[in-house]
Amino acid sequence: MRRVDLASDLREEVEAARAEGRRVALVPTMGSFHAGHLSLIGRARDECDFVVVSVFVNPMQFDRRDDFQTYPRDEAADEQRAKEAGVDLLFVPSVDEMYPEGFKTRVEVEELSGLLCGATRQGHFPGVTTVVAKLLEMVRPDVAYFGEKDYQQLVIVRRMVVDLNMTPQIVGVPTVREEDGLAMSSRNQLLSAAEREAATVLYRSLSIARQMVARGETDPAAISTAMRRVIGEEPLIRLEYLSVVDPQTLREVRRIDRPVLIALAAFDGATRLIDNVVAEPV
Ligand code: AMP
């Protein structure tokens with residue numbers, strides 16, 4: 001595995017691989033690798049011949065400075081894990097490399113970026129789409145991999161790629177969970193033992209919702225009420241939003257008569273967690 005910190009070196013390495021006819025994959029991440037990241041990398045490894053992984057904690061997508069500062073970072077462990085996972089090229093740019101003096105451009109997918117997480121996290125998705133557009137342009141991969149854990153991000157990136165006539169195929173990878181159902185996240189390591197225990201209520205509530213839909217419940221309000229009741233029993237959890245939406249438009253549905261995305265965000269102590277499931281009616 002090679003590690004590069006400069007965009008120019010990244011391009012050179014990728015060009016050399018492409019000249020050998022290799023199929024190039026990109027997995028963008030913010031590091032602190034867990035099994036969710038490794039699942040994306042494993043899929044890229046299976047489907048492509050040259051796997052590029054970027055590690056960049058992108059300041060532009062953080063709406064709170066303290067959140068950016070406390071976001072978990074572990075470069076040495078990431079490098080070791082990437083090597084073991086069969087990554088070919090690890091790109092670890094500095095903030096100055098990604099946003100040099102005079103940087104002025106913002107890539108924004110309208111409407112979709114203002115819903116769900118975008119309603120409270122001002123500027124978050126434009127930060128994501130700007131950095132992802134830059135990475136896609138630097139690497140020009142055949143395929144780029146994103147987790148369904150960040151379902152809204154996946155939908156927005158797909159929209160951006162179509163709208164900007166970008167060529168990479170975008171692949172969504174299912175959410176990897178802990179044994180008790182908690183979606184793996186770099187932020188989980190910020191939780192205290194009590195908060196970690198409380199966090200399990202999120203997936204429990206989503207599983208109940210999915211079961212209700214599978215058993216014929218068509219009213220999103222009934223789903224929401226049942227979930228809020230379960231989550232409400234956990235005093236450490238403060239729900240930010242809970243929505244039953246169309247998986248493509250991310251707009252709330254009035255009736256569940258086709259697959260829906262049930263998505264939520266909640267504070268567990270000071271840590272913000274998100275999770276979602278797609279529920280299919282009978
Ligand atoms: P992050 O480093 O949190 O920005 O995540 C990098 C990529 O890994 C994103 O595409 C995420 O959606 C994906 N990812 C994060 N957590 C998980 C998970 N538990 N399962 C699957 N993919 C994930």
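This chain uses plain numbering: 1 for the first residue, then up along the sequence. Just so you know, ligand 1 is whichever comes first in the structure, and atom 1 is the first atom listed for that ligand.
By the 3.5 Å distance cut-off applied to N or O atoms, V176 is counted among the residues near ligand 1. Among the atoms of L40, none of the N or O lies under 3.5 angstrom from an N or O of ligand 1. The shortest N/O to N/O separation between S185 and ligand 1 does not fall below 3.5 Å.
Looking only at protein heavy atoms, the nearest one to atom 10 (O) of ligand 1 is G147 N, 2.9 Å. Looking from atom 3 (O) of ligand 1 to the surrounding protein, the closest heavy atom is Y71 OH, 3.7 Å.
Under 4.0 Å from ligand 1, the heavy atoms of P28 that appear belong solely to its backbone. Contacts of K149 with ligand 1, taken as heavy-atom pairs under 4.0 Å, involve the side chain alone. Residue P174 touches ligand 1 through its backbone alone, judged by heavy-atom distances below 4.0 Å.
Taking 4.0 Å as the cut-off between side-chain N and carboxylate O, R187 and D67 count as a salt-bridged pair. By the 4.0 Å N-to-carboxylate-O rule, E15 lies too far from R140 to be salt-bridged with it. Taking the charged nitrogens against the carboxylate oxygens, D180 and R204 have no contact shorter than 4.0 Å, which rules out a salt bridge. A salt bridge is defined here as a Lys NZ or Arg NE, NH1 or NH2 lying under 4.0 Å from an Asp or Glu carboxylate O, and R272 with D63 fails to meet this definition.
At least one heavy atom of Q153 lies less than 4.0 angstrom from ligand 1. Residue contacts with ligand 1 do not include Y151, since none of its heavy atoms lies under 4.0 Å from the ligand.
In the vicinity of T29, heavy-atom distances shorter than 4.0 Å reach the ligand 1 atoms 2 (O), 6 (C). Atoms of ligand 1 found under 4.0 Å from any heavy atom of F146, numbered from 1 in the order shown, are 10 (O). Using a 4.0 Å cut-off to heavy atoms of D150, the atoms of ligand 1 that qualify are 11 (C), 12 (O). Residue contact check: M184 has heavy atoms under 4.0 Å from atoms 16 (N), 17 (C), 18 (C), 19 (N) of ligand 1.
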Show me, pair by pair, the donor-acceptor contacts under 3.5 angstrom made by side chains of residues 166-173, not counting sequence neighbours?
none

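Scored by the ring-ring contact (aromatic ring centres under 6.0 Å, His included) test, F267 finds no partners at all (sequence neighbours excluded).
Between Y145 and E47, the side chains place a donor N or O and an acceptor N or O closer than 3.5 Å (distance only, hydrogens not considered). No side-chain donor-acceptor contact under 3.5 Å links D66 and Y71. Side chain to side chain, R229 and T225 fail the donor-acceptor criterion of an N or O pair below 3.5 Å.
Nearest heavy-atom pair, R196 versus D268, reported as atom, atom and distance to 0.1 Å: N-OD2, 4.3 Å.
In the candidate list H34, M30, H37, H34 is nearest to atom 16 (N) of ligand 1, counting heavy atoms.
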